[in-house]
Each structure stands twice: as structure tokens, then as C-alpha cells.
Amino acid sequence: MQVLSNTRRLSRVLKSPIFIFSERLVAPDAPLAEAPRARLQWRKLTTLSPQPSGVTRGCCLSPTEQHSMMTFRAAFSSEASTVEAIPTEAVKELYDKMLESVNVKRSMPPNAWLWSLIENCKNQDDIKLLFDILQNLRRFRLSNLRIHSNFNCNLCQEVTKACARVGALNFGKKGLWKHNVYGLTPSIGSAHHLLTYAKEHNDVKLMMDVMTLLKENDLPLQSGTADIVFSICYNTDNWKLMSKYSKRFVEAGVKLRRSAFDVWMEFAAKIGDVESLWEIEKLRSESQKQHTVVSGFSCAKGLLLEHKPEEAAAVIQILLNQNLTDVKKSKIAVELQKLVSEWPLEVIRRQKEEDRKALAVSLNSDIPVMLSKTGLEVSVNMEDLTSKEGILC
């Protein structure tokens, strides 16, 4: 009877599924929400197929079961590989040397190693190792060398530059945190590297994230910041964000460059927002005496929208009376052609449907008057803006 009882107990044990899932199987940087999913996948593995009677699960599998197990392992390994680091050889070698220096030799590695590691980063996995070693170095400096200060700004900017270079944007944004575990000193220069990336990729969300981080971490806005932000807003045709951030720059007392005013005013003229255009012009005139070609033509467009072709011509005359280089003269010719052939349709398209016809009639009559008043001998072909094609959205 005792033998029979033991046999039944053993049979029950063998029939019960054995879960060998451990939290350690989940990659350390995987989101916590993925742990239940991994646990569920492992449960499914344990019930792939019935086990031979009397054989401990996993010890002796049939060819079919072995194939199923290998297929699952491949899938599981493939999923983990998206989390596991696959750094380049040069970065991994430098990382190992620096880690050994800190943890084994208990000495600070040469600065050249860190600079070389930053320079050699080629992908996001390299950046992961970079930030890991930065955290180790900061900890060592603090505990062993009693150095409480962060790394210098130049190094921190290079770190953010490397993040932007390989597209590791989330790591790059960590470089803007006032309080971080990496010893990084946030600066507006680091922010510019990320904003430049956002400009090159028309990434509005990244721009908004960076601007939020600048505010949260008390980093001062600069003229160069406005140049990049205004360009992104213009290129992505986002007047709402342009208005939001321009107000923030003005309230912060940032001295805007001519390039920023040019983009801002050209955008206002393009959408036909005359009220905003004159407000921008007032700000521009307080810091700059002369018009640029772009700001001058933006004002001329605003005057045309107010049905003042003679005054628009006067603004262009002022531009022509300046001592212009050949480059600026050619730029005037380009802007004049754009005013005649591109801008009218663009600004009409952006108006309310009930206002488009009236504006088309106005521009169709006023632009030729403006051209005649400038005294320029130009050959331009104006479409009939009152035609169906000219006022369609």
C-alpha cells in the first residue's frame, strides 16, 4: 500500500506543470508590463504537447517536441535581442577596459578612453554602454575621489551629440535633466544638438519635448534656439506652435536674430495673418534699422492684403535703394517672382471659403499696380486669380 501511495503521489507531481519562470529571465531594462506577457508565454511553452508517461518534463522530448521547443526559444531569443546590447567591437572593448579600471583596479580610467568611446558610438546599443559607464564613473568619482561636481559641459555636449548622431533620442534627453545619475551637466548647447536633429527630420514631438525639458530644468533660451525652433515650425507648417514659442522667446527677453524674424514674418504673410505680421514688424524695428529682403517683402505682402499696392511698392523701393550686393539683387528678383506666382494662391487657399473670391479679385488688381510703381522692368506671368483654379482649396 505504501508503495502504491508513493507511486500515485509521484504520478501527480509529474502531471503538474512545472513553471521555471524567473524574473531574472526578463531583460533588466525591459518594461515591467512585459513581465506578465513573458510569464504567459512560458506557461504556453509548458503545455505545448503532452509528455510521455513516466518521463520528467523537459528531460526527454520527442523530435516534434524538440522542434517546438527550439522554435519557441528562437522566438524568445529574437524578442530579447531587441533589448540586449549588441555594441560595436571598439565601444565594447573600451567599455570593458574602463569598467575593469573602476571595479577591479579601483582607479579612474584615462579621459582619452571616455572621449574615444563617445566618438566611436555607432548605434543605440553603444549609447547604452556609454551611459552605463558614465553612471559607474560618476559613482566612483563620488565615493572614491570625493568629487561631487559633474563632468564638464564640453563632454556632456559631445554625449548628447553622439545620441543625436545615432538617433538615441531618449538617452539624449536625459542629458538635459538637472538631476541625473550620469554626472551630465545640462546646457543649451546640448539641447541644440537634439533640436538640430528635430529640424533635419521635421520631428515636432522631439522639439516639443526638448522645449519642455528646457523649461523644467531652468535652461536659458538663446537666439540660436529660436532660429532652430522657428525653422521647424515653418517647415512643418505649424503656426500654432510658432505663436506659442515666439511668445515664450519674447517674454524671456531673447534677442532674436534677423533670420528668426525673417522666418516668423514670412510665415505670417503666407497665412495672411496681417495683425500678427505688424506686431512682429514692430518688434523687429526696435532692434534692427534696415529690412532684410525677406522681411521687406513680407511687409509688402501685408500691405497688399490691406489693399495698399502703392505702399507695398514703396517698401520694395526702399530695398532697392540699399547698397545691394549681386547676391541680394538676385534674391530680390527671386522674392518678387514668388510674390507674384506663388504667394497669392497660397494665401488665398488659407482663407475662409467665403473670403477667397474677394481676396483673389483684390490681389489680381493690386499686384500689377505695385509692380508698375516700383519702376522695375520685370516680366512676370500672373494667373487669373479669380479663375476657378486660382481660388480652389
Side-chain angles (χ1 to χ4, degrees), residues 199 223-237 239 242-243 246 249-250 254-350 362-363 366-383 385:
K199 178 181 176 181
S223 303
T225 320
D227 284 341
I228 304 172
V229 170
F230 284 16
S231 293
I232 296 172
C233 294
Y234 183 89
N235 294 339
T236 57
D237 200 29
W239 177 252
M242 174 74 90
S243 301
S246 59
F249 281 107
V250 171
V254 177
K255 186 176 180 180
L256 299 178
R257 297 170 180 167
R258 290 185 174 185
S259 53
F261 277 116
D262 282 353
V263 173
W264 194 6
M265 293 180 70
E266 185 174 16
F267 202 168
K270 183 171 75 170
I271 65 173
D273 189 340
V274 179
E275 183 179 353
S276 294
L277 177 62
W278 298 137
E279 290 177 359
I280 303 166
E281 165 59 14
K282 183 176 182 297
L283 287 171
R284 185 206 63 79
S285 62
E286 291 173 357
S287 59
Q288 300 164 16
K289 295 180 180 180
Q290 288 188 330
H291 272 297
T292 64
V293 173
V294 174
S295 67
F297 269 89
S298 296
C299 287
K301 293 172 183 175
L303 291 166
L304 285 171
L305 291 172
E306 293 181 336
H307 200 48
K308 300 174 181 178
E310 293 84 1
E311 293 183 31
V315 173
I316 295 177
Q317 280 290 353
I318 293 174
L319 292 176
L320 293 172
N321 292 335
Q322 297 177 5
N323 293 325
L324 300 175
T325 62
D326 292 338
V327 175
K328 286 190 175 181
K329 288 179 181 178
S330 64
K331 192 170 184 180
I332 286 180
V334 170
E335 289 297 325
L336 187 60
Q337 182 63 51
K338 286 166 61 178
L339 182 151
V340 173
S341 60
E342 298 177 17
W343 171 72
L345 294 179
E346 177 72 23
V347 72
I348 290 170
R349 180 178 66 83
R350 291 173 178 271
S362 173
L363 293 178
D366 289 345
I367 291 178
V369 173
M370 181 201 71
L371 292 175
S372 65
K373 295 293 182 180
T374 60
L376 292 174
E377 294 182 2
V378 291
S379 176
V380 290
N381 295 320
M382 278 196 62
E383 294 186 41
L385 298 178

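Partners of E266 according to the side-chain hydrogen bond (donor to acceptor under 3.5 Å, both in side chains) rule, which considers only residues two or more places apart in sequence or in another chain, do not exist here. When the side-chain contact (heavy atoms from CB on, under 4.5 Å) test is applied to D366, the partners found at least two apart in sequence or on another chain are L304, H307, P309, S362. Considering only residues two or more places apart in sequence or on other chains, T292 meets the side-chain contact (heavy atoms from CB on, under 4.5 Å) condition with R258, D262, V294, S295. Residues meeting the side-chain hydrogen bond (donor to acceptor under 3.5 Å, both in side chains) test with D237, sequence neighbours left out: R350.
Counting all heavy atoms, side chain and backbone alike, E310 lies closest to V369 at OE2-CG1, 4.1 Å. Across all non-hydrogen atoms, the minimal contact from I316 to A300 is CG1-CB, 4.2 Å. S259 approaches D227 most closely through the heavy-atom pair OG-OD1, 2.9 Å. Minimum interatomic distance between A260 and L256 (heavy atoms only, all atoms of both residues): CB-CB, 4.2 Å. Here the closest heavy-atom approach between residue S287 and residue F261 is recorded as OG-CE1, 3.9 Å.
More than 12 heavy atoms of other residues, nucleotides or ligands shown are found within 6.0 angstrom of CD on E286.
Note on residues 321-335: pairs passing salt bridge (charged side-chain N to carboxylate O under 4.0 Å, His left out), not counting sequence neighbours, are E335-K338. Residues in residues 293-304 take part in no salt bridge (charged side-chain N to carboxylate O under 4.0 Å, His left out) pair, two or more places apart or across chains.
Considering only heavy atoms from C-beta on, S276 comes within 4.5 Å of W239 through its side chain. For the pair V250 and V254, the minimum side-chain heavy-atom distance is 4.5 Å or more. Considering only heavy atoms from C-beta on, F297 comes within 4.5 Å of L336 through its side chain. Contact check for I318 versus Q290: no side-chain heavy atoms found under the 4.5 Å cut-off. Q337 is not listed as a side-chain neighbour of V334, based on a closest heavy-atom distance of 4.5 Å or more. Looking only at side-chain heavy atoms (C-beta outward), I271 and V347 stay at 4.5 Å or farther from each other.
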Margin query: Determine whether W264 and E281 satisfy the following criterion, side chain to side chain donor-acceptor pair (under 3.5 Å), listing intermediate values before the conclusion.
Written below: CA-CA 10 Å; W264 194 6; E281 165 59 14; over 6 Å; no

Check: How far apart are the C-alpha atoms of E275 and D273, what are their side-chain angles, what is the distance that settles it, and do they pass the side chain to side chain contact (heavy atoms under 4.5 Å, CB included) test?
Finding: CA-CA 6 Å; E275 183 179 353; D273 189 340; 4.0 Å; yes

Next item on the list: Go through the steps for M242 and V263 under the test side chain to side chain contact (heavy atoms under 4.5 Å, CB included), then give the verdict.
Entry: CA-CA 10 Å; M242 174 74 90; V263 173; 3.9 Å; yes

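Taking CG from N235 and CZ from F230, the interatomic distance works out to 13.5 Å, rounded to the nearest 0.5 Å. Once rounded to the nearest 0.5 Å, the distance linking CD1 of I228 with SG of C233 reads 12.0 Å. Taking CG of L339 as the start and OG of S298 as the end, the distance is 9.5 Å to the nearest 0.5 Å. Here the straight-line distance linking atom CD of Q288 with atom CZ of R257 works out to 11.5 Å at 0.5 Å rounding. Rounding to the nearest 0.5 Å places OG of S246 at 7.0 Å from CD1 of I280. Atom-to-atom distance recorded for S285:OG and H291:NE2 is 8.0 Å, nearest 0.5 angstrom.
The backbone N or O of T374 lies less than 3.5 Å from a partner atom in the side chain of Q317, making a donor-acceptor pair. Judged by distance alone, with hydrogens and angles left aside, the side-chain atoms of R349 form no donor-acceptor pair with the main-chain N or O of P344 at under 3.5 Å.
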